[in-house]
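Okay, structure first, notes after.
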Amino acid sequence: MRKPIIAGNWKMNNTVAEGVVLTQEISNNFYRDYTEFVDVIICPPAVDLKAVKGVLEFDKRDIYVGAQNCYFEPSGAYTGEISVKMISDAGCDFCIVGHSERREIFGETNAMINDKVRALVEYQGKKMTPILCVGESLAVRESGDYIDYVTKQVEAALAGIDIFDADQLVIAYEPIWAIGTGRTATPEQAQEVCAAIRSCLANILGGAMAEKIRVLYGGSMNEGNVDSLLEQPDIDGGLIGGASLKASSFVNLVKAAVECQK
Ligand code: 13P
């Protein structure tokens, strides 16, 4: 049985003060026993990380903090970049890698994403888990080749990386045409690709490991569609953008994941 994950990706929203307020609202509406049933992750902008972590620690909430990006080199002349050690030091246990916005707007290639996944998985400090995002554009979806496209993204991101433990990796399937558009993939569409991702993981890492790795869906997930998505056998939670920016909707998504475990 895989423990579901509800992860909020705030993207480029919330100053430190706003992030603290939102985290406090989430915390105030959060029952401690939720995290027995679901792993909850908040991914704020990098400058908010420490403050968000501080609120969660003060309130003794077992909610994880994740970064939205990192660079693969350990240190040096990389103006504007943030290392794995830096996000770890700021309190992160997770890091989103290869989000379609990074790929499309900032030109991240499969090779760079592979380097980032490696830097996170092989980080020598505290365990740092990549949330590897994959997903096809509308053009690829309409061409019919989306399974091939997405599984190639997974293969490229994991090439040459040893995974020994299922907790070292989370995958998020985020069809680009469903992100921020209000046009969610149907549960069947999301399940089809998440199942294909799991078979691809089985080919790379073996069936036993693939059965344990969490595969999330992302793209206009909200209170109205969460139940039907989480019912799918290969969908183990969500990576949520818009609906994670309001405490009540984010907590309701966490509750939905708790309910589906009971
Ligand atoms: P939305 O939930 O706003 O569609 O964003 C999804 C996403 O990109 C999460 O990483």
Side-chain angles (χ1 to χ4, degrees), residues 4-14 18-19 22 26 38-46 48-49 52 63-70 87 92-106 108 113 116-117 120 129-138 140-141 146 149-150 153-154 157 169-187 189-191 193-194 197 214-230 232 235-257:
I5 292 177
I6 293 292
N9 174 9
W10 290 1
K11 308 192 179 183
M12 197 173 75
N13 294 290
N14 292 324
E18 289 163 347
L22 177 54
I26 291 169
V38 50
D39 286 335
V40 180
I41 311 170
I42 296 176
C43 303
D48 298 3
L49 284 169
V52 166
I63 297 178
Y64 296 103
V65 169
Q68 296 175 14
N69 184 29
C70 66
I87 59 171
C92 293
D93 292 293
F94 292 85
C95 181
I96 297 172
V97 180
H99 193 281
S100 59
E101 287 149 18
R102 302 277 340 153
R103 295 178 192 254
E104 288 199 315
I105 305 169
F106 302 102
E108 286 196 10
I113 291 160
K116 291 184 178 195
V117 173
L120 289 157
T129 303
I131 303 175
L132 168 65
C133 299
V134 293
E136 80 286 0
S137 63
L138 188 57
V140 173
R141 163 69 45 175
Y146 51 93
Y149 183 88
V150 169
Q153 285 182 319
V154 173
L169 179 67
V170 174
I171 309 253
Y173 168 56
E174 299 206 308
I176 297 169
W177 46 272
I179 295 177
T181 56
R183 180 181 164 185
T184 328
T186 63
Q189 285 174 321
Q191 163 60 23
V193 182
C194 290
I197 290 172
R214 271 99 43 106
V215 180
L216 315 182
Y217 168 77
S220 300
M221 192 186 254
N222 59 40
E223 293 158 85
N225 57 33
V226 62
D227 292 332
S228 57
L229 288 160
L230 295 186
Q232 302 302 314
I235 301 179
D236 308 316
L239 181 56
I240 297 125
S244 73
L245 295 172
K246 227 178 108 202
S248 58
S249 56
F250 186 63
V251 174
N252 281 339
L253 294 174
V254 173
K255 279 188 204 159

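For clarity, every value in this text was computed on a predicted model and none was experimentally measured. First listed ligand is number 1; within each ligand, the first listed atom is number 1.
Under the rule for a ring-ring contact (aromatic ring centres under 6.0 Å, His included), the partners of Y64 that lie at least two apart in sequence or sit in another chain are F94. Considering only residues two or more places apart in sequence or on other chains, D227 meets the side chain to side chain donor-acceptor pair (under 3.5 Å) condition with none of them.
The list of salt bridge (Lys or Arg N to Asp or Glu O under 4.0 Å) pairs with a residue in residues 235-247, not counting sequence neighbours, reads R2-D236, R198-D236.
In terms of heavy atoms, S220 sits closest to R183 at OG-N, 3.7 Å.
A donor-acceptor pair under 3.5 Å is formed between the side chain of Q153 and the backbone N or O of G135. The closest donor-acceptor contact from the side chain of R102 to the backbone of Q68 lies at 3.5 Å or more, if one exists at all.
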Give every pair made of an N or O atom of ligand 1 and a protein N or O atom lying under 3.5 Å apart, one pair per line with both atom names and the distance to 0.1 Å, or write 'none'.
{"from": "ligand 1", "atom 1": "2 (O)", "to": "S220", "atom 2": "N", "distance (Å)": "3.4"}
{"from": "ligand 1", "atom 1": "2 (O)", "to": "G241", "atom 2": "N", "distance (Å)": "2.9"}
{"from": "ligand 1", "atom 1": "3 (O)", "to": "G242", "atom 2": "N", "distance (Å)": "2.8"}
{"from": "ligand 1", "atom 1": "4 (O)", "to": "G180", "atom 2": "N", "distance (Å)": "2.6"}
{"from": "ligand 1", "atom 1": "4 (O)", "to": "S220", "atom 2": "N", "distance (Å)": "2.7"}
{"from": "ligand 1", "atom 1": "5 (O)", "to": "K11", "atom 2": "NZ", "distance (Å)": "3.3"}
{"from": "ligand 1", "atom 1": "8 (O)", "to": "K11", "atom 2": "NZ", "distance (Å)": "2.8"}
{"from": "ligand 1", "atom 1": "8 (O)", "to": "H99", "atom 2": "NE2", "distance (Å)": "2.8"}
{"from": "ligand 1", "atom 1": "8 (O)", "to": "E174", "atom 2": "OE1", "distance (Å)": "3.4"}
{"from": "ligand 1", "atom 1": "10 (O)", "to": "N9", "atom 2": "ND2", "distance (Å)": "3.0"}
{"from": "ligand 1", "atom 1": "10 (O)", "to": "H99", "atom 2": "NE2", "distance (Å)": "2.9"}
{"from": "ligand 1", "atom 1": "10 (O)", "to": "E174", "atom 2": "OE1", "distance (Å)": "3.2"}
{"from": "ligand 1", "atom 1": "10 (O)", "to": "E174", "atom 2": "OE2", "distance (Å)": "2.9"}

